[in-house]
Amino acid sequence: MIDETAPIETLKGIGPKTKEFFLRANIHTLGDLLRYYPRRYERMEPPSETASLREGQTAAVYACLSGPLAMRRGKNFQITAGVLRDDSGKIQVIWYNMPFLANTVKSGRKYIFRGKVTRKGQQLLLMQPAVFDIEKYEELQKEMQPVYPLVQGLTETMVKKAEKQALGQIDGTMEVLPLDMRKTYQLSDIGYALAQIHFPAGEHEMQVARRRLVFEEFLIFILSVRRLKQKKEKTKAGYQLRKVQEVQKFSQNLGYELTNAQKTVWAEIESDMQKETAMARLVQGDVGSGKTVIAVMALLMTAENGCQGALMVPTEVLARQHYETICGLFEKNGYRHRVTLLTGSMTAKEKRAAYEEIESGQTAVIVGTHALIQENVTYKKLALTITDEQHRFGVKQREELIGKGKCPHTLVMSATPIPRTLAVILYGDLDISVMNEMPLNRLPIKNCVVDTSYRPKAYHFIQREVEKGHQAYVICPMVEESEAMEAENVIDYTEQLKEALPCDISVAYLHGKMKAKEKNEIMERFVAGEIQVLVSTTVIEVGVNVPNATVMMIENAERFGLAQLHQLRGRVGRGKDQSYCIMIRASEGKVVKERLEILNHSNDGFYIAAQDLKLRGPGDLFGIRQSGMMEFKIGDVFQDAKVLQDANEAAEQLITQDPDLTMEEHQRLRRKIEQYFLEDSESVNL
């Protein structure tokens, strides 16, 4: 019998040091390990000749080292380099932080080297290749190979070895879906699903396994959210607020007229906050549709009623920007309501002062990050909670903020354009408002989709925009071979860009491996205009408002979902000047061109989301996890829309048949919901 809660070190070969590597990947238990899914699969292609290699491809060559490997140190890593030679020619090979290869890979002996072909100047390089004996490689060619997301210290071999051990312990006690449900929706049992998702016998087996796991994930999420809605419907609002004239005066003093969509949404929010039951509303608005102004109006109404409102956002830079915006608007209109900022990087003294202001009720508006839900924070009269960029927070974090008050009104804001049919399921505990108009003063972003040969022209275009006094973003995708390599990828690109642009243009980089303080400092310098070109991973997807940024250039655009590309594009076009989005594709495939042309010809996020829904297919594995949307480990709300609808149908039938999941065949599912959703089962109203 498998114990999913057993610590990871109960497996053979995982000692204290190896355990730390798994913990870095948030793998604490056997259950965590089994649900640590591959991010993609590889088919080992036949070896190519070195002379036939092309930039951008992942390739294998049957070659030997022409001499001993050389080692040198970079800034934060060690480089091992050499030259591979076969009958057709030669290619340079480079590894990062793998000095042991100098002893294990012998010069003159033939191996299979498999890696990504990149270009540096005029020279092609084989980067970070795996090394195989010919017999081993021939064996691997017969199977689909899982590729896992990795952190520093954790290797593919470690993960695969641990997964195989854990899979050997699976039994029927892990099954949570009732037999009749599995039959109705033609779902495999859990043992088969987990075995085939990690080590699939083939494409069909992997798809069968994935569908089962996606269905379970969606079902548990939907049931949890349904229970939450039931609880909220019975909950009387802690604070029934009154309508105040100051909000109308505020909106009239903005210097521009609200769009009809903004007016409609505000009317819904204002009405909700006056009711006896607590508001629970999602405002789904496209990038730049003016959600922030609506949030400020709700906070103002709360403050004018003598209560507190809290706005939680995902990044410190965004929190600081919202704080400064609200302070400026309040000051401009003569409001004396105190606004308090609370983030993780503040000093202990600053935090203590903020805690005191919040607990005493001196402050009416609190803006911050996850710091708002820490134990030390006590609110005096929390009547409104607002969560911005909802897809960056889990349901649990939203509930923790709500739990800080006495049944406060809840407003959730999202710029993720999910079609309404799916949003109704995903946000089942919330009423939904849609803001589908852009402010009249916004110029539509001009788009272009080009291949890599356009890159020099793109650099020149960025240079011209900077010379006009503007700024630019350049987005690099994550490195396929190892997410731990993300930083080097961005750093290398930054150096390449510095060489291509005049030396008086300030270029800096930003990536997810940097410390929070470093990221904040870089973003603040970019906001201030000290940095003119920012090279970044998708860490800026949920970013700040930089009206002066007019160019968004996205490398390898084909590797992102359409909805995410639209989110990235939304970082520009926020000022009075014309903005541009340059999407560079490394692939010439017909499907890639068709997908990117949708973005090329439309700036409407909801239209793009609907098209994304139509175009996603079985080949687009695990796309949503790579984009960071929602909180699913394996499900993709676009690709798996049909499964989401099936899971919703199953949830409805289950609730009708057994509202409290007390029947014996539903007990394991009930426990899973308690474990998954909120650690306190009472808050799920089970």
Side-chain angles (χ1 to χ4, degrees), residues 26 282-289 291-292 294-296 299 309-326 340-346 354 365-374 377 384-402 404 410-418 426-427 430 473 475 478 486 510-524 526-527 534 536-546 560-561 563-564 566-571 574 605 624-633 637:
N26 208 24
L282 166 71
V283 175
Q284 196 184 12
D286 208 347
V287 175
S289 60
K291 296 183 298 300
T292 302
I294 299 302
V296 175
L299 291 166
L311 170 60
M312 183 165 74
V313 299
T315 67
E316 295 204 1
V317 177
L318 193 56
R320 189 170 295 279
Q321 191 163 56
H322 277 320
Y323 167 75
E324 289 169 356
T325 297
I326 295 168
T340 296
L341 178 68
L342 183 59
T343 66
S345 69
M346 287 166 60
V365 176
I366 305 97
V367 182
T369 56
H370 295 79
L372 296 185
I373 57 177
Q374 298 304 308
V377 189
L384 172 67
T385 67
I386 304 178
T387 312
D388 192 13
E389 301 294 359
Q390 166 57 25
H391 68 276
R392 291 288 172 170
F393 294 107
V395 177
K396 181 175 178 180
Q397 289 162 322
R398 194 208 312 164
E399 284 303 292
E400 282 179 349
L401 182 57
I402 293 168
K404 289 286 187 180
T410 306
L411 187 60
V412 173
M413 301 196 298
S414 176
T416 306
I418 299 171
L426 293 165
Y427 299 106
L430 304 171
Y473 294 98
I475 305 300
M478 294 176 76
E486 175 190 351
L510 187 69
H511 58 76
K513 305 295 174 188
M514 294 167 74
K515 292 177 181 175
K517 188 177 178 182
E518 291 176 292
K519 284 191 277 192
N520 289 337
E521 184 186 331
I522 291 292
M523 279 310 302
E524 282 169 5
F526 188 63
V527 170
L534 183 63
S536 174
T537 58
T538 55
V539 72
I540 61 96
E541 181 189 345
V542 177
V544 292
N545 191 29
V546 186
F560 302 101
Q564 188 187 19
H566 180 64
Q567 290 279 305
L568 289 167
R569 176 170 62 184
R571 293 299 104 216
R574 292 170 168 258
I624 219 72
R625 256 189 315 143
Q626 292 170 11
S627 71
M629 278 173 55
M630 304 307 294
E631 55 194 58
F632 303 119
K633 288 186 177 179
V637 296

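This one's a predicted model, so the numbers in the text were calculated from it and none came from an experiment.
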Minimum side-chain heavy-atom gap T292-N545 below 4.5 Å: no

Distance, nearest 0.5 Å, that separates CE of M413 from CE of M312: 11.5 Å

Test item: L311 and V365 side chains (from C-beta on) under 4.5 Å apart, heavy atoms: no

Smallest separation among heavy atoms of M346 and T343, with atom names: SD-N, 3.1 Å

Residue pair M523, L534: steps toward the side-chain contact (heavy atoms from CB on, under 4.5 Å) verdict: CA-CA 9 Å; M523 279 310 302; L534 183 63; 3.7 Å; yes

Separation between CD1 of I373 and CD1 of I402, rounded to the nearest 0.5 Å: 11.0 Å

T385 and L372: CA distance, side-chain angles, deciding distance, side-chain contact (heavy atoms from CB on, under 4.5 Å) verdict: CA-CA 10 Å; T385 67; L372 296 185; over 6 Å; no

Interatomic distance, K404 atom NZ to I366 atom CD1 [nearest 0.5 angstrom]: 11.5 Å

Reported NE2-to-OG1 distance for the pair H370 and T315, which is rounded to 0.5 angstrom: 10.5 Å

Under the side-chain contact (heavy atoms from CB on, under 4.5 Å) test, residues paired with E518 that sit two or more places apart: M514, K515

For H511 against K519, the heavy-atom pair lying closest together: O-CD, 3.7 Å

Non-hydrogen atoms of A354 and T340 that approach each other most closely: CB-CG2, 3.8 Å

side-chain hydrogen bond (donor to acceptor under 3.5 Å, both in side chains) partners for H566, two or more places apart: D286, R569

Verdict with reasoning, F526 to L510, per side-chain contact (heavy atoms from CB on, under 4.5 Å): CA-CA 11 Å; F526 188 63; L510 187 69; over 6 Å; no

Closest non-hydrogen atom pair, P314 against D388: CD-O, 3.8 Å

Any donor-acceptor N/O pair, E316 side chain to S345 backbone, under 3.5 Å: yes

Salt bridge (charged side-chain N to carboxylate O under 4.0 Å, His left out) partners of E524, counting only residues at least two apart: R320

With R574 via salt bridge (charged side-chain N to carboxylate O under 4.0 Å, His left out) - residues at least two apart: none

Which atom of L426 lies closest to which atom of V637, heavy atoms considered: CD1-CG1, 3.5 Å

Nearest atoms (heavy-atom pairs only) where T369 meets G344: OG1-N, 3.9 Å

Non-neighbouring partners of S289 that pass side-chain contact (heavy atoms from CB on, under 4.5 Å), sequence neighbours left out: K291, M435, M438

side-chain contact (heavy atoms from CB on, under 4.5 Å) against V527, all qualifying residues, sequence neighbours excluded: Q321, V544, V546

Point-to-point distance, once rounded to the nearest 0.5 Å, from CG of L282 to OG1 of T387: 10.5 Å

